[in-house]
Amino acid sequence: MSLRLITRQSSSNGSAYRADLIARYVRTTDWAEELQLLAEATRYDKDNPGAPSLVDELHGARLGDVA
């Protein structure tokens, strides 16, 4: 497991970072890694207050077809 802490991204790099974090979150089967990814998303949200919530995107990604 590896975490990449990235803050204050440009919009193009931010999009790639967000997509990567969401993909890692959806793939993980380890609850500890899931919590770490949620914590990373929370830090990202705090550092990027104008961007849509990454934590909300992670939760939504797990809803699948229900959403």
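Heavy-atom basis, side chains included; hydrogens, waters and symmetry copies ignored. Note that the structure is predicted; figures quoted are calculated from it, not measured.
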Work out which heavy atom in [X] is nearest to a heavy atom in [Y]; give both atom names and the distance.
| X | Y | answer |
| --- | --- | --- |
| Asp30 | Thr28 | N-OG1, 3.2 Å |
| Arg18 | Ala51 | NH1-CB, 4.1 Å |
| Asp45 | Ser53 | OD2-OG, 3.1 Å |

Using a 4.5 Å cut-off on heavy atoms from C-beta on, say whether the side chain of [Y] contacts that of [X].
| X | Y | value |
| --- | --- | --- |
| Glu34 | Leu58 | no |
| Arg24 | Asp20 | yes |
| Arg27 | Glu33 | no |
| Leu54 | Ile22 | yes |

Practice item. Could you check Glu57 against Tyr25 for side-chain contact (heavy atoms from CB on, under 4.5 Å), going step by step and ending with a plain yes or no? Key: CA-CA 10 Å; Glu57 286 190 55; Tyr25 181 78; over 6 Å; no
Check your understanding: Could you state the interatomic distance from CG (Leu35) to OG1 (Thr42), rounded to the nearest 0.5 Å?
Key -> 10.5 Å
Exercise for review: Let me see the working for Leu21 and Tyr44 under side-chain contact (heavy atoms from CB on, under 4.5 Å), right down to the final yes or no.
Suggested key: CA-CA 11 Å; Leu21 194 122; Tyr44 179 89; over 6 Å; no
